[in-house]
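Values reported hereafter were calculated over all heavy atoms of this structure, with side chains retained and with hydrogens, waters and symmetry mates removed. All chains are named by letter (A, B, ...) in the order of the sequence lines, taking the proteins before the strands, and each is independently numbered beginning at 1.
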Protein chains: 2
Amino acid sequence: MAYRETEKMRNRKAQARQHILDCAYRCVIEGGFRSAQITHVAKAAEVATGTIYRHFESKEELFAEIFRTATQREVNKVAEALATVDSAVIRLEAALRQFAERALRGPTMAWSLIAEPVDPRVEAERLLYRKAYAEHFEQAIRDGIEEGSIPPQNARQSSTCLVGAIAESLVGPLSPTQADGEREPDPDQQSELVESIVCFCIQGLTGIRR
Amino acid sequence: MAYRETEKMRNRKAQARQHILDCAYRCVIEGGFRSAQITHVAKAAEVATGTIYRHFESKEELFAEIFRTATQREVNKVAEALATVDSAVIRLEAALRQFAERALRGPTMAWSLIAEPVDPRVEAERLLYRKAYAEHFEQAIRDGIEEGSIPPQNARQSSTCLVGAIAESLVGPLSPTQADGEREPDPDQQSELVESIVCFCIQGLTGIRR
DNA sequence: ACAACAAATGAATAATGATTCACTTATTTT
DNA sequence: AAAATAAGTGAATCATTATTCATTTGTTGT
């Protein structure tokens, strides 16, 4: 025998894999999943199309992984905002803000994660992550009910409503048909948007007018 | 010259067109837009594939029309519920109920209209109709603000939140991955679902606990 | 240097489905 | 009945992309 898999090679392989992921990620940032074809990704990563299949089972697998990574980052941010020592209502408010503001700051990716039509395999990830968001919210709502700052209610259902309300509110502003070429920030309008969403949601939870 | 288009032929043509629409509609009811390929539709309508292109510009055009018709029906139902003489809050509540209950009664079509991944041309219709729902809600919210039953707020934004909250709440229960084979009604669970949605939404609007 | 194996390549292939078009059939008018 | 025109047909074509695989290039141990 002559060739034995070595540490150096294992590293190099992992690095190549990561490089492909990074480039594919950049493709999605630039034009959504739609425009991120294997050929593009291969070109961006400066490898042959076949190489991608050495590292990933299929296109869907590759993009599912990207979706997972990107959304996990967002879920973590929301979880972070919910992890302070404040009252549940304050924490939920912060989390909703975080969600909306981050989306508006990275609109293409946010749109891809929230609303872009994607392959079934990737859509499955999306459903999973919507559930993940909802679960974080749900826990906070339960906390609020326990501490008395939120009236008793179906926490599961309410959390789903939160996710829906915020996502729907963002679809318009993020949609590429809406403001494709130049997605100007217009900070005033954006912060009013965020305020209205938060206001509706907190009121929906607590019944307390602000 | 010899052939002149006649009333009889115009009727027959319109009828053929409608027949194709009906059959395509039935295909969508049965398996969503995904499984409604031109070949299937042609087979269902007992015409050749080419015939379909005599009546419709393209596949997307055909399905956009179906989407439009189906959603318009739903929008009308919501509009109807909003058109009574009751107070705005009562009317909004009835409309939300109507929306949710109808969706749960026709789950495949509802899922196709609300959440199924579709072609861009059809997706455009979806966005349009989401806006249509929101506009009806918006008007009712304005009425409520005027009559004093709903506190002042950004009616446009709140209406979007309503649409998002209700749609998201239904995606899970309607999703074919969730309960594909047999979508049992389980009326108890469904009515609890509807109650929670309505409760959250009305509270989000009014700030009044129920 | 060479044997043994792994990784990379990218043109060729495959798969999917919408769309076309040369041809057949039906309808109307003279 | 025959000319003129429209509607219908469906096998063949086209377009788009993901995926494969025979071949080349790179790495390791003796």
Side-chain angles (χ1 to χ4, degrees), chain A residues 1-21 23-24 27-28 31-67 116-123, chain B residues 1-21 23-24 27-28 31-67 116-123:
Chain A
M1 72 195 80
Y3 182 94
R4 212 44 354 149
E5 189 180 21
T6 179
E7 190 61 22
K8 176 188 161 196
M9 275 322 251
R10 242 192 311 278
N11 284 345
R12 197 186 285 187
K13 197 174 174 186
Q15 213 171 315
R17 188 188 142 94
Q18 190 56 48
H19 176 65
I20 291 169
L21 274 173
C23 294
C27 287
V28 176
F33 287 101
R34 185 96 201 288
S35 75
Q37 298 132 3
I38 290 291
T39 320
H40 284 192
V41 173
K43 200 160 288 174
E46 295 182 298
V47 298
T49 59
T51 306
I52 289 174
Y53 288 87
R54 299 239 147 233
H55 296 280
F56 301 91
E57 194 58 35
S58 69
K59 187 205 172 191
E60 297 209 333
E61 210 54 53
L62 163 61
F63 284 107
E65 184 159 342
I66 285 171
F67 193 98
E116 185 182 1
V118 291
D119 288 322
R121 179 73 187 70
V122 179
E123 184 68 30
Chain B
M1 74 197 75
Y3 183 94
R4 217 31 9 140
E5 190 180 20
T6 182
E7 190 61 22
K8 175 187 162 199
M9 277 321 256
R10 244 193 310 279
N11 285 345
R12 196 186 286 184
K13 197 176 173 185
Q15 213 173 314
R17 187 189 144 92
Q18 192 55 50
H19 176 65
I20 291 169
L21 273 173
C23 294
C27 287
V28 176
F33 287 101
R34 185 94 202 289
S35 75
Q37 296 133 5
I38 290 291
T39 320
H40 284 192
V41 173
K43 200 158 288 175
E46 294 181 301
V47 298
T49 59
T51 305
I52 288 174
Y53 287 87
R54 298 242 153 230
H55 295 280
F56 300 91
E57 193 61 33
S58 67
K59 187 203 171 192
E60 297 208 332
E61 209 56 50
L62 163 62
F63 284 107
E65 183 160 342
I66 285 171
F67 193 97
E116 184 182 1
V118 291
D119 287 322
R121 179 74 187 71
V122 179
E123 184 67 31

Measuring to OP1 and OP2 of [N], would you say a side-chain N or O of [X] lies under 4.0 angstrom away?
X       : N      : value
B:Arg12 : C:dT27 : yes
B:Thr49 : D:dG10 : no
B:Lys8  : C:dT28 : yes

Which part of the nucleic acid, if any, lies within contact of A:Thr6, taking any heavy atom under 4.0 Å across all strands shown: a base, the sugar-phosphate backbone alone, or nothing?
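The residue A:Thr6 makes sugar-phosphate contact but no base contact.
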Which atom pair, heavy atoms only, marks the closest approach of A:Thr39 to A:Thr49?
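Looks like CA-CG2, 4.3 Å.
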Test: B:Arg17 and B:Glu65 ion pair at under 4.0 Å:
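Looking at B:Arg17 and B:Glu65, the cut-off is met.
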Starting the side chain at C-beta, find the nucleotide from [options] nearest to [X].
X       : options                : value
A:Thr51 : C:dA18, D:dA18, C:dA8  : C:dA8
B:Lys13 : D:dA7, D:dT27, C:dG17  : D:dA7
A:Tyr53 : D:dT20, C:dA18, C:dT27 : D:dT20
B:Ala48 : C:dA18, D:dT9, D:dA18  : D:dT9

Residues from residues 54-66 of chain B sitting under 4.0 Å of DNA chain D, heavy atoms only?
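The stretch gives B:Arg54, B:His55 as the residues lying under 4.0 Å from the strand, ordered by number.
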I need the CD-P distance between B:Glu46 and D:dT9, as an integer number of Å.
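These atoms are roughly 10 Å apart.
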Can you measure from CG (B:Asp119) to CZ (B:Arg34) and round to the nearest 0.5 angstrom?
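Interatomic distance, B:Asp119 CG to B:Arg34 CZ, rounded to 0.5 Å: 11.0 Å.
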Measure from the side-chain N and O atoms of A:Thr6 to the backbone N and O of A:Met9, and report whether any donor-acceptor pair falls under 3.5 Å.
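Looks like no, no N/O pair under 3.5 Å.
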